[in-house]
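Since the structure comes first, as structure tokens, the remarks are kept for the end.
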Amino acid sequence: MSVEYTVNDDIAVITLHRPQVFNSIDQSLSDSLGESLRRASAEARAAVLTGSGKAFCAGADLGDLLGEYDAGGPELENVITERFNPAVQAVLAADVPVIAAVNGAAAGAGMGLALACDIRVMAETAFFMSAFINVALIPDTGSAWFLPQMVGVSRAMEIAMSGRRVPAEEALALGLAVEVVPTSETVSAAIRRASAMANGPRQAYVATRRIIHSAAAASLEATLAREAEVQGQLGSQPAHREGMTAFVEKRPPNFRKG
């Protein structure tokens, strides 16, 4: 199987499992990732996405694509829209918060996949790499949107145009990661964060992700209106009532019942 899936204590751990090719993305992995995230939305309250072996995800399966060049070259627009974009869209569509445990290289489309997650915990030996320029292409799989949003246009230009590695400590300083840990502790550190989120208000986490992403491309006026709309929806949910009651009663809220 190209993706492994487990659930324990309301936390889904989704592992990209093509270690022989550094978890590069082929159609099977993209499809399986989407299915796993849909399962997590139904069966869990938080999800961790990681890779098996030495890499998180090396991006496109170049070996898979190279065979198509002998026949005139792959239709890259179709490859992106059918294989890479659905993987990112599945992360964003998940009804649970998604934490990336970046255990190794996250390059090209693999970087885009990691940036689509809500937060990223990185192994001290891991790195990001916008490798597209090295094969005369532009950033894709969401990287052209996520990267400047997270680090600013100037730094995004440098990372994308150089094609260099961004090591874990630099990623932490830039805000691409929230924590750097020993390699052997990457998944467990992500699970700890996922566990905290599993005890929190799941609907509010997902709504927070969506409003922040949409606000990045919207006017202030549109964002104010959308904030009011979503807040009205969440305000009618049991989780909000539990949070308010717990605050008044000076006790920790129990969001699992909401």
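Just the heavy atoms: all of them, side chains too, but no hydrogens, waters or symmetry mates, feed the values below.
Here Q203 contributes atom CD and F255 contributes atom CZ; the two are 11.5 Å apart, rounded to the nearest 0.5 Å. Annotation: the span from I119 atom CD1 to L176 atom CG amounts to 13.5 Å, rounded to 0.5 Å. One distance of note links OG1 of T245 with CD of E249; it measures 6.0 Å at 0.5 Å rounding. Here the CG-CD distance, from D31 to E82, works out to 10.0 Å after rounding to the nearest 0.5 Å. The line from CG of L33 to CG of L113 is 6.0 Å long, rounded to the nearest 0.5 Å. Separating the CG atom in L37 from the CD atom in Q89 is a distance of 12.5 Å, to the nearest 0.5 Å.
Listed by first and then second residue, the side chain to side chain donor-acceptor pair (under 3.5 Å) pairs that reach into residues 171-191 are T125-T183, E179-R193, sequence neighbours excluded. The list of salt bridge (charged side-chain N to carboxylate O under 4.0 Å, His left out) pairs with a residue in residues 142-154, not counting sequence neighbours, is empty. Residue pairs meeting the salt bridge (charged side-chain N to carboxylate O under 4.0 Å, His left out) criterion with at least one partner in residues 3-14, sequence neighbours excluded, are D10-R256. For residues 198-210, the set of pairs meeting the salt bridge (charged side-chain N to carboxylate O under 4.0 Å, His left out) definition, not counting sequence neighbours, comprises D95-R210, D118-R209. Within the structure, the ring-ring contact (aromatic ring centres under 6.0 Å, His included) test picks out the following pairs touching residues 197-219 (sequence neighbours left out): W145-H213, F146-H213.
Counting only distance, with no hydrogens or angles, the side chain of S36 and the backbone of S32 share a donor-acceptor pair below 3.5 Å. With R45 contributing its side chain and G200 its backbone, the two residues share a donor-acceptor pair below 3.5 Å. Counting only distance, with no hydrogens or angles, the side chain of E124 and the backbone of V181 share no donor-acceptor pair below 3.5 Å. With hydrogens and angles ignored, the 3.5 Å screen pairs no side-chain donor or acceptor of T50 with any backbone N or O of V187.
Enclosure of atom CD in E43 by more than 12 non-hydrogen atoms of other residues, nucleotides or ligands within 6.0 angstrom is indicated.
Checking each of V178, L49, L115 against R120 for a side-chain contact (heavy atoms from CB on, under 4.5 Å) leaves exactly one that passes, namely L115.
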Show which side-chain atoms of residues 15-23 pair as donor or acceptor with protein atoms under 3.5 Å away, not counting sequence neighbours.
{"unit_1": "H17", "atom_1": "ND1", "unit_2": "S52", "atom_2": "OG", "d": "3.2"}
{"unit_1": "R18", "atom_1": "NH1", "unit_2": "S24", "atom_2": "O", "d": "2.9"}
{"unit_1": "R18", "atom_1": "NH1", "unit_2": "S24", "atom_2": "OG", "d": "3.4"}
{"unit_1": "R18", "atom_1": "NH1", "unit_2": "D61", "atom_2": "OD2", "d": "3.0"}
{"unit_1": "R18", "atom_1": "NH2", "unit_2": "D26", "atom_2": "OD2", "d": "3.4"}
{"unit_1": "R18", "atom_1": "NH2", "unit_2": "D61", "atom_2": "OD2", "d": "3.0"}
{"unit_1": "N23", "atom_1": "OD1", "unit_2": "R18", "atom_2": "N", "d": "2.8"}
{"unit_1": "N23", "atom_1": "OD1", "unit_2": "S52", "atom_2": "OG", "d": "3.3"}
{"unit_1": "N23", "atom_1": "ND2", "unit_2": "S52", "atom_2": "O", "d": "2.8"}
{"unit_1": "N23", "atom_1": "ND2", "unit_2": "A55", "atom_2": "O", "d": "2.8"}
{"unit_1": "N23", "atom_1": "ND2", "unit_2": "F56", "atom_2": "O", "d": "3.4"}

Name the atoms and distances for all side-chain donor-acceptor pairs under 3.5 Å in residues 168-175, with sequence neighbours left out.
{"unit_1": "E170", "atom_1": "OE1", "unit_2": "R164", "atom_2": "NH1", "d": "3.0"}
{"unit_1": "E170", "atom_1": "OE2", "unit_2": "R164", "atom_2": "NH2", "d": "2.7"}

Side-chain donor/acceptor pairs under 3.5 Å, residues 127-137, sequence neighbours excluded:
none

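Residue M161 shares its hydrophobic cluster (ILVMFWY side chains chained together at separations under 4.5 Å) with V153, M157.
For the pair L92 and V98, the minimum side-chain heavy-atom distance is 4.5 Å or more. In this structure the side chain of I14 never reaches within 4.5 angstrom of the side chain of V48, judged on heavy atoms.
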Please assess L29 against V3 for the test side-chain contact (heavy atoms from CB on, under 4.5 Å), listing each intermediate value before the final yes or no. CA-CA 6 Å; L29 185 144; V3 172; 4.1 Å; yes
side-chain contact (heavy atoms from CB on, under 4.5 Å), that's the test. Do C117 and I99 meet it? Break it down for me. CA-CA 6 Å; C117 296; I99 299 173; over 6 Å; no
Determine, step by step, whether V79 and Q27 satisfy the side-chain contact (heavy atoms from CB on, under 4.5 Å) criterion, reporting the C-alpha distance in whole Å, the side-chain angles of both residues, the deciding distance to 0.1 Å, and the verdict. CA-CA 9 Å; V79 171; Q27 193 64 55; over 6 Å; no
Between F84 and I25, does the side-chain contact (heavy atoms from CB on, under 4.5 Å) criterion hold? Intermediate values first, please. CA-CA 8 Å; F84 301 137; I25 302 171; 3.8 Å; yes
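With sequence neighbours left out, R226 forms a side chain to side chain donor-acceptor pair (under 3.5 Å) with E229. For T141, there are no side chain to side chain donor-acceptor pair (under 3.5 Å) partners at least two apart in sequence or on another chain. Residues meeting the side chain to side chain contact (heavy atoms under 4.5 Å, CB included) test with A215, sequence neighbours left out: T223.
Taking hydrophobic clusters as Ile, Leu, Val, Met, Phe, Trp and Tyr residues chained together by side-chain heavy-atom distances below 4.5 Å, V91 shares a cluster with M122.
Across every non-hydrogen atom of A194 and A46, the tightest pair is O-CB, 3.5 Å. Here the closest heavy-atom approach between residue P86 and residue I80 is recorded as CD-O, 3.9 Å. When all heavy atoms are compared, the tightest approach of A239 to P201 is CB-CB, 4.4 Å. Closest heavy-atom contact between A44 and V96: O-CG1, 3.4 Å. In terms of heavy-atom proximity, S143 sits nearest to M111 at OG-CE, 3.7 Å. What you find for A40 and A12 is that their closest heavy atoms are CB-CB, 3.7 Å.
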